[in-house]
Amino acid sequence: MKNKTVPFLIFILYILHLGTAMAQDRPNILFIMTDDHTQKALHAYGQGLLDTVYFPNMNRLAKEGALFRNSFVTNSICAPSRAVLLTGKYSHLNGKVDNVGPFDWSQMTYPKLLRDAGYETALIGKIHLSGKPQGYDYSLTLPDQGNYYNPEFIRNGVEELKFEGHCEVLIPEFVVDWLENVWDRGKPFAINYHTKAPHRNWMPEEKYLNLYEDIEFEFPHNFFDAYSGRGRAAKEQEMEILNDMFWGWDMKFKKNPFTGEPSRLQAPFGRMTKEQMQAWNDVYGPTNEAFLKEMPTGEELAKFKFHRYLRDYLKVVKSVDDGIGKVLDYLEAEGLLDKTLVIYTSDQGFYLGEHGWYDKRFMYEQSLSTPLLVRYPKEIKPGTVVNEMVMNLDHAPTILEYAGLAIPSEMQGKSWRTLASGGTLPWRDAIYYHYYEYPGPHMVKRHYGVRTDRYKLIHFYYDVDEWEMYDLKNDPDEMNSIYNDPNYADIKKSLHTRLEELRVEYGDSDELNRQFIEKSVSKNN
Ligand code: SGN
Ligand code: CA
């Protein structure tokens, strides 16, 4: 060998070694996203509803990592929320403003950037964005909303496969199977593990059909909200447990006991095996019969509906929690857990009877907020609580920062990595929100607004032009708009200014609103 060759070879070996060391330093990324899981249904958030209902695996993440008290979405609905997650951009820039229109998969997303940088990427579960997922080495996704029992999945965007079992058992199994049999251990992994539950219509797994049936819950104190003190939007929605839930869907009856209207459960029932159907009838059959004998009215009827809803919702969260446990246990047994950044969140929050509601969409607290838990013991101390206001817009930049990658300037969020580690950063004093899907399911009017740590200003537009304002300290349940209260005139003025600044900063405008309205009108025609 010539004299110069040896040092050159040593140099190359050194570079290769550095590369491997860096690759090993990069965390694996397990991003867990549930559908419609609200903070109140997670013991770690300590809101008191569920002292008797405990989800050990989610709570483990909170105990061993960081819990974000103020975690929000930019647009509280499924597909738009996922588009924000992937792109790190507001709906008006990524183009996916509602559940209806297509998603442009050709745009930049964080999984694409991770993959380009040597991560092996997988998407497993619900994504609710039409078209073939891009940026993933592997995908196994539910078509559209998917089914709870014996669901179909689409492999790599093209191949439809049907499985027997409950989707919340299958999805974590697929995650473990991918880790065990597909993932190339020479690379870090990045998985999007997205559940269907607890999305409507909350069809519990066989073994949990009976769970929580003997627990009595208290109505939220504003369950019988008369919607005074606010504008038309809160009054004219169609998401009330008492008036807008379907007997033959949400309430699990074979037909509406009052009107005889036929059930929509024929389709999901038609998918079930004899054994699954038997287990189902064994639980719902006797309770439904007792109901039909008594035909309760008034508060008793309300109690029945509220409990059926809440219990079924919590049963499917229990299956989600089991699934998370299965995946965490696998990673732990393989010695991978502490090398993995685990993020747990939901696509948005949900109402569990506050204001008498289910569903989401509004910029009010229960649907604006999501759970956000993060475990990464190399950096995050157990039991950390973060109070800064973060958004789902921030997850993509954060993940890129953990992966050691540059954050593209077109992303609009900010990395919360330092906050999770207990550090401080110059942080935002306000968040911006914008919801679009109207007219549509549940009829929540279009609105945008700003929230600070204490106040909220909302503008409902399109078929109304109404402003609401709340003092979250004095009125945490948002029952009385103080928009016209002269005592708040100065605060109102500063909120208007902040709102306009944020709209400029994020590139939103009335002109864009007009364009999105025009597009949705032509879509519906
Ligand atoms: C379905 C549900 C709605 C729900 C939307 C959007 N109706 O349409 O209650 O708001 O999905 O949910 S159902 O009769 O089909 O259950 S999202 O989470 O996907 O945005
Ligand atoms: Ca959702």
Side-chain angles (χ1 to χ4, degrees), residues 32-39 41 71-86 91 96-103 125-130 141-149 151 167-168 171 192 194-204 237-241 243-253 256 261-269 271 305 308-309 312-313 316-317 320 344-353 356-363 366-372 392 434-445 520 524:
I32 311 171
M33 183 183 258
T34 48
D35 196 335
D36 297 354
H37 188 206
T38 189
Q39 282 187 1
S71 154
F72 303 109
V73 293
T74 64
N75 181 0
S76 181
I77 181 158
C78 183
S81 169
R82 288 150 207 269
V84 170
L85 163 73
L86 295 177
S91 309
K96 184 69 180 153
V97 299
D98 55 29
N99 272 345
V100 187
F103 175 64
K126 180 172 170 183
I127 188 66
H128 203 180
L129 297 171
S130 56
T141 52
L142 288 165
D144 194 26
Q145 296 281 10
N147 278 289
Y148 273 110
Y149 273 89
C167 70
E168 296 314 330
I171 293 170
N192 286 92
H194 293 184
T195 70
K196 168 178 171 62
H199 190 272
R200 192 181 180 192
N201 67 339
W202 319 289
M203 294 185 70
Q237 45 59 41
E238 294 176 2
M239 47 191 263
E240 290 166 31
I241 294 172
N243 298 315
D244 302 307
M245 276 191 164
F246 298 134
W247 284 97
W249 186 241
D250 310 291
M251 292 292 113
K252 320 288 167 28
F253 275 65
N256 183 322
E261 185 194 351
S263 167
R264 281 172 53 199
L265 287 165
Q266 299 319 324
F269 284 170
R271 315 177 64 86
K305 292 187 96 171
R308 174 134 298 175
Y309 164 43
D312 285 353
Y313 179 97
V316 292
V317 178
V320 168
Y344 174 74
T345 192
S346 179
D347 62 344
Q348 71 303 288
F350 214 69
Y351 295 91
L352 295 181
W357 293 340
Y358 64 106
D359 214 66
K360 49 253 180 181
R361 300 162 193 268
F362 277 108
M363 197 192 164
Q366 288 78 9
S367 46
L368 176 66
S369 312
T370 63
L372 178 63
N392 56 345
H434 197 157
Y435 169 81
Y436 300 81
E437 193 176 274
Y438 179 86
H442 303 296
M443 296 301 276
V444 174
K445 295 186 191 299
S520 76
N524 292 333

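Note that ligands are numbered from 1 as they come in the structure, with each ligand's atoms numbered from 1 the same way. None of these values were measured; they are calculated from a predicted model.
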Aromatic contact, Phe362 with Trp357 (centres under 6.0 Å):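 Yes - the distance between ring centres of Phe362 and Trp357 falls below the 6.0 Å cut-off.
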
Check each atom of ligand 1 against the heavy atoms of [X] and keep those under 4.0 Å away; list them by number with element.
| X | result |
| --- | --- |
| Arg264 | 13 (S), 14 (O), 15 (O) |
| His128 | 19 (O) |
| Asp359 | 4 (C), 9 (O), 10 (O) |
| Ile77 | 20 (O) |
| Trp249 | 13 (S), 14 (O), 16 (O) |
| Lys126 | 19 (O) |
| Asp35 | 18 (O) |

For N/O/S atoms only: which one belongs to Asp36 and is nearest the Ca ion (ligand 2)?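 The nearest such atom is OD1.
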
Only N/O/S atoms count here: what is the atom of Asp347 closest to the Ca ion (ligand 2) called?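 Relative to the Ca ion (ligand 2), the closest nitrogen, oxygen or sulfur of Asp347 carries the name OD2.
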
Test item: side-chain donor near acceptor, His37 and Tyr344, under 3.5 Å: yes

Which one of Gln145, Lys196, Lys126 satisfies the side-chain hydrogen bond (donor to acceptor under 3.5 Å, both in side chains) criterion with Asp35? Lys126

Return the closest protein heavy atom for atom 5 (C) of ligand 1 as residue, atom name and distance.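 Answer for atom 5 (C) of ligand 1: Arg361 NH2, 3.7 Å.
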
Pairing residues for Arg271 by the salt bridge (charged side-chain N to carboxylate O under 4.0 Å, His left out) criterion, not counting sequence neighbours: Glu152

Protein heavy atom under 4.0 Å of atom 13 (S) of ligand 1: yes

Going by the rule ring pair (Phe, Tyr, Trp, His ring centres under 6.0 Å), which residues pair with His442 if we only count those two or more places apart in sequence or in a different chain? Tyr358

Tyr351 ring centre to Lys360 NZ or CZ under 6.0 Å, with the angle to the axis within 45°?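 Judged by the rule, Lys360 and Tyr351 form no cation-pi pair.
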
Could you grab the angle centred on the Ca ion (ligand 2), going from NE2 in Gln348 to OD1 in Asp35, to 10°?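 About 120° at the Ca ion (ligand 2).
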
[atom1]/[X] to [atom2]/[Y] distance, rounded to the nearest 0.5 angstrom?
| X | Y | atom1 | atom2 | result |
| --- | --- | --- | --- | --- |
| Leu86 | Ile127 | CG | CD1 | 5.0 Å |
| Leu368 | Met363 | CG | CE | 5.5 Å |
| Met33 | Cys78 | CE | SG | 8.5 Å |

Candidate with minimal heavy-atom separation from atom 1 (C) of ligand 1, of Arg200, Glu238, Gln145: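 It is Gln145 that holds the nearest heavy atom.
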
